[in-house]
Amino acid sequence: MPKIIARTGDDAVAEAMRQINPDVVAAYPITPQTEIVQFFSDFVANGKVKTELLCPESEHSAMSACIGASAAGGRVMTATSSQGLAYMWELVYIAASYRLPIVMPVVNRALSGPINIHCDHSDSMGARDSGWVQIFSENIQEAYDNTIQAVRIAEHANLLLPVIVTLDGFIISHAMEQFEILDDDTVQKFVGEYKPEYSLLDAKHPITYGPLQLFDYYMEQKKQQHEVIKSASSVVLQIASEFEKISKRKYELFEEYRMDDADIGIVVLGSASGTAKTVADKLREQGLRAGVLKIRLFRPFPAAELANSLSHLKALAVLDRSDTFGGLGGPVFEEVCASLYNYQFPDGHKIPAVNYIYGLGGRDVTLDHIEKVYRDLEGISRTGKINNLIQYLGVRE
Amino acid sequence: MQDLVEIRWHGRGGQGAVTAAKIFAEAALAEGKYIQAFPEYGPERMGAPIKAFDRLSNKPLSLHSQVYYPNVVVVIDPTLIQTANITEGLADDGLLIINSPKNPSEIRSELNLKSGKVYTVDATKISLEVLGRFMPNTPMLGALVKATGLVSVEKVLEEIRGKFAGKLKEELIQGNLNAVKRAFDEVKGE
């Protein structure tokens, strides 16, 4: 029977890893690592899993070890955060281009400098174009559920791609909430045994990883990466529907919260989605038709589906927990704008869209901040006029 | 219980404020509430002033901001009464629960507090007598349970036993349970 228990986000993800029981976990065991690997190493030491745990000298080497183990045909996981992910950067791209189904929970935390340890999406946004599937989690339940689903998504025969599952640093990783943990058996049956299609150790079917490809073939390979990750949306939905059968919890590409009849909407990802829902509920009581669209699948970006879901709004705001420094607002804003630009509105109209950069380096996002966004949107929906395209929420001027 | 109750704990690093906040939340969960328990996110240093928070609700909690307007404030370390702005954001009908040998009325006049309810219990003395050392978090749990009635004292005792079984010596577990019970009996409010 599934049980309701209280755990921190790190603890819950470590429990998911215990139930998945991967063949190899390689991780660098010093900050900016998180407690995920620390808790998991207890399971290894106590014989609760059969995993081989490697603790190399850096994140760069940790991902290298993951690549080797995965290419050899193992089910492989790691976890990281912040500078750790940044330090993996070269290998993160290589893992995706080798089509290795590695699963990596990322606790979203800010990048230096200045030195900061708190929540921010800059770290995984830095890996946004690396070819990994990226799934964002709002709370502890989602972080747990997404970690389990990620294994099946990554290893899907049509996909074979690495997957990042995110959870917000400290706000989710170090906070305790209740969540429903599935039975070990149920999870083990769901993830099943990993039967790798390709393995470096399979001497009868020799394969090559990491050859030199210059102007002759490199571009064809990159086009193939684009094609394959585009197909991830349908895999994500298929695995979500299988997961619903064992958990009774429904997952999609994004969650529409009170969006059906909304006039104004906020697009957001991560834990701030929950805070936005709380504000939408309150404003609904006051007669304001407010909605929230929470993005779950950020890579591949569900552009057409998302634009369709937003198409009836009178005004919309995108909340970004990272910046692009010199781009047009935050990375999510850019994606949403591009999606809307290419959407065929029947009457050719345009939805006014604005961007708020919020929560950098752990700056708290409060109910008042979100309410201000909705109030701004209400004004824009009435007048059609945008005074500030990009604003910083809760910043001291 | 009202739909949402928010609790702020003031303590110093190493005094168990975060642990107490978690135990309280787990007891509330066992009694059917939706819960969150989290520290004020910062580098944790022994002896530095820290805060921890609980959220309890009858409905699923989606809010993930920090707590600004607590219904209840628990002060584990008496030296923080004058230094930590413990009444900040506290609701007019809020409860202030303080580790102090003083009467609630003395604290009330020291803080110039006109509204709400003030509770005091000498958690330091209880801790020293029962545990033989300064661990005021568990007695403050007892005081919180009595003052708020949000969860039963039995459930809190059960959670403490469950949390520390196999980790602390039996006599230390028993001491913590006794500390909760004594503070539950001795806390005074007005």
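Naming convention: chains lettered A, B, ... in sequence-line order (proteins, then strands); numbering from 1 in each chain.
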Using heavy-atom distances under 4.5 Å, tell me whether B:I35 contacts chain A through its side chain, its backbone, both, or neither. both
Please classify the contact between B:K59 and chain A as side chain, backbone, both or neither, with a heavy-atom cut-off of under 4.5 Å. neither
Euclidean distance, B:L63 CG relative to A:T275 OG1, rounded to 0.5 Å: 5.0 Å
For A:N46, I'd like to know if atom CG has over 12 heavy atoms of other residues, nucleotides or ligands within 6.0 Å. yes
Give a yes or no on whether B:K163 atom NZ has more than 12 heavy-atom contacts from other residues, nucleotides or ligands under 6.0 Å away. yes
Would you give the length of the straight line joining atom CD of A:E177 to atom CD of B:Q36, rounded to the nearest 0.5 angstrom? 5.0 Å
Counting only heavy atoms not in B:D92, do more than 12 fall under 6.0 Å of its CG? no
Hey, is CD on B:E171 packed in by over 12 heavy atoms from elsewhere, all under 6.0 Å? no
Mind checking whether B:Y34 and A:Q178 have side chains closer than 4.5 Å, heavy atoms only? yes
Would you say A:D364 and B:Y68 make side-chain contact, with heavy atoms under 4.5 Å? yes
Name the region of A:T8, side chain, backbone, both or neither, that has any atom closer than 4.5 Å to a heavy atom of chain B. side chain
In terms of heavy-atom contacts, B:L29 and A:I5 come closest through CD2-C, 4.0 Å
Ignoring hydrogens and angles, tell me if any N or O in the side chain of B:S62 forms a donor-acceptor pair with the backbone of A:G274 under 3.5 Å. yes
Does A:S271 use its side chain to pair, donor to acceptor, with the backbone of B:H64 at less than 3.5 Å? no
Which atoms of A:I140 are under 4.5 Å from chain B, going by heavy atoms: the side chain, the backbone, both sets, or neither? neither
